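Since the structure comes first, as structure tokens, the remarks are kept for the end.
Everything quoted here is computed from the prediction, not taken from an experiment.
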Amino acid sequence: MLKELLSKSHMQQREKVDSWEDAIKIASIPLLKEGIIEESYIENMIESVNKNGPYIVLMDYFALPHAKAGEGVNRLGMSLLTLNHPVDLKGNPVKVFLVLAAVDATSHIEALADISKLLMDPKNYEIFMSGDLDKINDIL
């Protein structure tokens with residue numbers, strides 16, 4: 001399921017960004033272009049972090065931006081942005097932004113379980129941190 005949701009066309013790599021808000025906006029571009037999400041979903045993700053703090057930082061250098069399921073989301077999707085230089089997200093350095101767009105409370109659970117299992121392996125985690133999109137695509 002992860003491979004279908006996070007296709008290579010949904011992955012981007014950048015040297016750096018000016019802010020965590022920019023990172024979320026840039027990471028969301030593939031989903032926006034395909035009509036998977038609306039602009040309002042991007043605004044909701046940023047607003048959610050401003051309201052609730054850096055809860056999207058799941059592990060060192062790794063964030064999972066998301067907002068309330070279904071609001072501004074047309075269908076399930078994921079996109080990825082990797083950075084060579086981390087950006088500060090409210091006191092947390094982040095190099096990997098994996099955007100999750102969920103349509104409801106359950107349809108994304110399998111994908112989250114898959115990504116969690118992948119990241120538990122130190123070799124896979126290092127591949128994500130390297131920003132090598134071909135290698136990331138291979139491990140999916």
Which residues share a ring-ring contact (aromatic ring centres under 6.0 Å, His included) with His66, sequence neighbours left out:
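Only Tyr55 meet the ring-ring contact (aromatic ring centres under 6.0 Å, His included) criterion with His66.
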Q) Can you list the residues that meet the salt bridge (charged side-chain N to carboxylate O under 4.0 Å, His left out) rule with Lys68, with sequence neighbours excluded? A)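 Testing Lys68 for salt bridge (charged side-chain N to carboxylate O under 4.0 Å, His left out), a comparison that skips the adjacent residues, returns Glu71.
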Sorted by chain and residue number, the salt bridge (charged side-chain N to carboxylate O under 4.0 Å, His left out) partners of Asp134 (sequence neighbours excluded) come out as Lys8
Identify the heavy atoms of [X] and [Y] that sit nearest to each other, and give their distance.
| X | Y | answer |
| --- | --- | --- |
| Leu76 | Ser107 | CD2-O, 3.5 Å |
| Leu5 | Ala111 | CD1-CB, 3.5 Å |
| Ser79 | Ser28 | OG-CA, 4.0 Å |
| Ala27 | Val99 | CB-CG2, 3.6 Å |
| Phe97 | Pro65 | CD2-CG, 3.9 Å |
| Gly35 | Asn74 | O-ND2, 2.8 Å |

Nearest-0.5 Å distance, [atom1] of residue [X] to [atom2] of residue [Y]:
| X | Y | atom1 | atom2 | answer |
| --- | --- | --- | --- | --- |
| Leu100 | Met78 | CG | CE | 5.0 Å |
| Gln12 | Leu133 | CD | CG | 9.0 Å |
| Asn84 | Arg14 | CG | CZ | 11.5 Å |
| Leu112 | Ser116 | CG | OG | 6.0 Å |

Item checked: Pairwise salt bridge (Lys or Arg N to Asp or Glu O under 4.0 Å) hits with a residue in residues 41-56, at least two apart ->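 Salt bridge (Lys or Arg N to Asp or Glu O under 4.0 Å) check on residues 41-56 returns no pairs.
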* Name all pairs fulfilling the salt bridge (Lys or Arg N to Asp or Glu O under 4.0 Å) condition that reach into residues 110-124, sequence neighbours left out, sorted by first residue then second. =>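 Residue pairs passing salt bridge (Lys or Arg N to Asp or Glu O under 4.0 Å), neighbours aside: none found.
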Those residues at least two apart in sequence (or on a different chain) that pass side chain to side chain donor-acceptor pair (under 3.5 Å) with His10 are Glu34
Check against side chain to side chain contact (heavy atoms under 4.5 Å, CB included), Asn137 and Lys3: CA-CA 8 Å; Asn137 192 50; Lys3 187 82 166 174; 3.3 Å; yes
Is there a path from [X] to [Y] through hydrophobic residues (I, L, V, M, F, W, Y) whose side chains come within less than 4.5 Å of each other?
| X | Y | answer |
| --- | --- | --- |
| Leu31 | Leu64 | no |
| Leu81 | Leu6 | no |
| Ile42 | Val87 | yes |
| Ile26 | Val49 | yes |
| Val103 | Ile115 | no |

Qualifying residues under side-chain contact (heavy atoms from CB on, under 4.5 Å), relative to [X], sequence neighbours excluded:
| X | answer |
| --- | --- |
| Ser40 | Glu38 |
| Asp138 | none |
| Thr106 | Asp104 |
| Asp88 | none |

Within the structure provided, determine whether Leu58 and Leu98 are in side-chain contact (heavy-atom separation under 4.5 Å). no
So, the side chain of Thr82 versus the backbone of Gln13: is there a donor-acceptor pair under 3.5 Å, distance only? no
Contacts satisfying side-chain hydrogen bond (donor to acceptor under 3.5 Å, both in side chains) that involve residues 89-100 (not counting sequence neighbours) are Asn50-Lys90
Donor-acceptor contacts under 3.5 Å from residues 124-131 side chains, at least two apart:
{"unit_1": "Asn124", "atom_1": "ND2", "unit_2": "Leu118", "atom_2": "O", "d": "3.2"}
{"unit_1": "Tyr125", "atom_1": "OH", "unit_2": "Asp60", "atom_2": "O", "d": "2.3"}
{"unit_1": "Ser130", "atom_1": "OG", "unit_2": "Ile127", "atom_2": "O", "d": "2.6"}
{"unit_1": "Ser130", "atom_1": "OG", "unit_2": "Asp132", "atom_2": "N", "d": "3.2"}

For Ile56 and Val94, what are the C-alpha separation, side-chain angles and deciding distance, and is it a side chain to side chain contact (heavy atoms under 4.5 Å, CB included)?
-> CA-CA 10 Å; Ile56 64 171; Val94 177; over 6 Å; no
